[in-house]
Amino acid sequence: MIKIANAPCSWGALEFDLEEKSEEIGFEQVLDEIKETGYMGTELGDWGYMPTDPNLLRQEIEKRGLELLGAFVPVALADENTHEAGVDTALKVAQLMHRAGYTNAFIVLADDNGTVLDRTQYAGRITPEMGLSEEQWQVYAVGAEKVAKTVKDKYGLRTVFHHHCAGYVETPQEIDTLMALTDPEVLGLCLDMGHYAFGGGNPIDAIMKYSDRIWHVHFKDYDPEAARLSRQENGDYFDALKKGVFCELGKGSVDFNTVVKLLKDKRYEDWIVVEQDILPGMGEPKKCAQANRDYIKTLGL
């Protein structure tokens with residue numbers, strides 16, 4: 001059965017080091033509102049956002065009747081010198097989730113998004129010359145597999161790669177390259193509908209192509225008009241977020257009716273996580289979370 005969750009990023013709790021961080025909403029309120037708006041689970045959020053003691057973490061998640069299903073781990077994989085530290089970070093997060101009893105949770109591995117100037121400035125309009133060289137791709141793939149293998153060997157947790165705008169794996173072609181360079185038994189794909197659309201693709205194509213490799217799903221919608229306005233002003237990734245490029249579900253260009261049909265046809269039976277990425281202090285997260293849950297109900301979920 002497909003289960004529906006939400007995540008702290010929908011409340012503006014992001015991994016980026018931003019000026020707006022001071023406006024971040026505390027995890028207790030976020031978990032309360034995830035529960036109150038009808039979701040069954042959550043992701044961990046940035047390290048230290050929720051308790052890092054496994055017993056306390058379990059207590060906070062369990063007392064709201066929720067499940068913990070994954071944690072986002074950013075690593076600058078194009079730089080071989082970051083791989084060991086990336087493995088250590090992933091193991092630290094995996095250990096926390098495992099000791100808290102969430103042995104089916106995923107490590108959601110991603111690039112260290114928002115740290116490379118060109119990729120951040122031109123998110124949503126990446127050209128091939130902004131991409132990695134063949135040699136860099138090999139380094140990237142080795143690093144991703146190393147994280148996934150080590151986590152699996154030590155804690156039995158699986159790893160999915162989250163393609164993401166403002167990182168080196170954004171466009172459909174870049175996702176294709178990483179998938180081709182990595183072992184499908186070792187590294188799964190976290191398909192994020194909004195990032196795939198913002199990166200220049202149609203997520204329906206990704207489901208058709210990678211159905212066996214999609215182990216985790218993020219529901220995010222994409223507003224092409226917000227992207228156009230940001231592009232017109234030469235805005236970067238964060239400007240696009242401010243303009244609402246990831247809008248409420250059903251208000252953007254993603255065809256969620258077809259997405260759900262295909263996921264069911266492909267016998268996907270795991271979590272769908274709503275992630276309406278906003279910056280701290282933006283909008284009314286609880287109201288959006290409720291609207292998104294109500295919309296998903298119209299899809300039969």
Side-chain angles (χ1 to χ4, degrees), residues 1-7 9-11 33-43 67 69-70 106 108 123-124 160-165 170-173 175-176 179 188-229 240-241 243-278 283-301:
M1 185 184 78
I2 293 175
K3 295 166 285 190
I4 311 299
N6 210 312
C9 61
S10 299
W11 277 257
E33 294 184 357
I34 285 175
K35 176 66 175 178
E36 289 162 9
T37 49
Y39 297 90
M40 298 172 68
T42 182
E43 290 187 357
E67 287 287 325
L69 42 128
F106 288 104
V108 183
V160 286
F161 187 87
H162 187 335
H163 57 97
H164 200 290
C165 294
E170 171 179 321
T171 69
Q173 295 76 23
I175 297 166
D176 289 347
M179 293 294 98
L189 178 65
C190 172
L191 179 62
D192 185 299
M193 308 301 162
H195 279 287
Y196 199 89
F198 193 11
N202 183 340
I204 289 166
D205 297 335
I207 297 171
M208 298 296 289
K209 186 182 294 186
Y210 293 117
S211 60
D212 292 340
R213 203 138 180 205
I214 296 167
W215 300 347
H216 198 46
V217 169
H218 285 174
F219 265 22
K220 184 184 277 104
D221 212 341
Y222 165 67
D223 182 351
E225 178 61 14
R228 186 190 68 78
L229 290 172
L241 286 184
K243 285 182 167 55
V245 72
F246 298 131
C247 55
E248 283 182 20
L249 301 182
K251 294 187 175 181
S253 66
V254 176
D255 180 0
F256 284 103
N257 279 291
T258 302
V259 164
V260 169
K261 181 182 183 305
L262 287 173
L263 288 174
K264 287 182 174 178
D265 288 348
K266 303 291 185 183
R267 302 188 186 282
Y268 181 80
E269 293 184 341
D270 214 299
W271 289 93
I272 287 173
V273 186
V274 174
E275 287 200 345
Q276 188 182 349
D277 293 8
I278 59 170
E284 297 178 88
K286 184 178 181 181
K287 190 177 286 188
C288 288
Q290 187 66 67
N292 288 330
R293 187 66 190 95
D294 291 344
Y295 174 75
I296 291 173
K297 287 177 183 175
T298 71
L299 303 173
L301 295 174

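The figures here come from the full heavy-atom set of this structure, side chains too, leaving out hydrogens, waters and symmetry mates.
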Is there side-chain contact between His163 and Leu191, with heavy atoms separated by less than 4.5 Å? yes
So do the side chains of Tyr268 and Asp270 get within less than 4.5 Å of each other, counting heavy atoms only? yes
Test side-chain contact (heavy atoms from CB on, under 4.5 Å) on Lys286 and Glu36 and set out the steps. CA-CA 9 Å; Lys286 184 178 181 181; Glu36 289 162 9; 2.7 Å; yes
List the atom of Thr37, the atom of Ile34, and the distance in Å for their closest heavy-atom pair. OG1-O, 3.3 Å
Could you tell me if the side chain of Val254 sits less than 4.5 Å from the side chain of Val259, heavy atoms only? yes
Centroid separation under 6.0 Å, is that true for the rings of Phe219 and Phe256? yes
Is there a side-chain contact between Ser10 and Pro285 in this structure, where contact means two heavy atoms from C-beta onward sitting under 4.5 Å apart? no
Can you list everything that forms a salt bridge (Lys or Arg N to Asp or Glu O under 4.0 Å) with Asp221? Sequence neighbours excluded, please. none
Between Ala227 and Tyr222, what is the shortest heavy-atom contact and its length? CB-OH, 3.3 Å
Any donor and acceptor pair, going by atom type alone, linking the side chain of Tyr39 with main-chain N or O of Ala289 inside 3.5 Å? yes
Are side-chain heavy atoms of Phe106 and Cys190 found at a separation under 4.5 Å? no
Asn6/Thr42 under side-chain contact (heavy atoms from CB on, under 4.5 Å): CA gap, chis, key distance, verdict: CA-CA 5 Å; Asn6 210 312; Thr42 182; over 6 Å; no
To the nearest 0.5 angstrom, please state how far the CZ atom of Phe246 sits from the CG atom of Leu241. 6.0 Å
For Lys261, what residues pass the salt bridge (Lys or Arg N to Asp or Glu O under 4.0 Å) criterion, not counting sequence neighbours? Asp265
One should read off an interatomic distance between Tyr210 OH and Ile175 CD1, to the nearest 0.5 angstrom, of 7.5 Å
Can the ring centroids of His216 and His162 be said to lie less than 6.0 angstrom from one another? no
Minimum-distance pair of heavy atoms, taken over all atoms of Ser253 and Pro224: CB-CG, 3.9 Å
To the closest 0.5 Å, what do you measure between SG (Cys288) and NZ (Lys251)? 7.5 Å
Does Thr298 reach the side chain of Ile296, with side-chain heavy atoms less than 4.5 Å apart? no
Lys220/Glu275 salt bridge by N-O under 4.0 Å criterion: yes
Mind listing the closest non-hydrogen atom pair of Ala7 and Val273 along with its distance? CB-CG1, 4.0 Å
Given the rule in the side-chain contact (heavy atoms from CB on, under 4.5 Å) test, do Glu170 and Phe198 qualify, once you have shown the distances and angles that lead to the verdict? CA-CA 8 Å; Glu170 171 179 321; Phe198 193 11; 5.8 Å; no
Does some side-chain heavy atom of Arg293 sit less than 4.5 Å from a side-chain heavy atom of Val274? no
Quick one: does Ile272's side chain get under 4.5 Å of Leu263's, heavy atoms only? yes
In Å and rounded to the nearest 0.5 Å, what is the CG to CG distance from Leu249 to Asn292? 4.0 Å
Hey, can you pull the donor-acceptor pairs under 3.5 Å for the side chains in residues 200-209, sequence neighbours left out?
from, atom 1, to, atom 2, distance (Å)
Asn202, OD1, Ile204, N, 3.0
Lys209, NZ, Asp176, OD1, 3.3
Lys209, NZ, Asp176, OD2, 3.1

Give me the one residue out of His195, His164, Gln276, Glu43 that meets side-chain hydrogen bond (donor to acceptor under 3.5 Å, both in side chains) with His218. Glu43
Test side-chain contact (heavy atoms from CB on, under 4.5 Å) on Met179 and Leu189; report intermediate values, then the result. CA-CA 8 Å; Met179 293 294 98; Leu189 178 65; 4.1 Å; yes
Say whether, by atom type as modelled, one donor and one acceptor occur between the side chain of Glu248 and the main chain of Ala291 under 3.5 angstrom. no
Gap separating the CG atom of Asp212 from the CZ atom of Arg267, nearest 0.5 angstrom: 12.0 Å
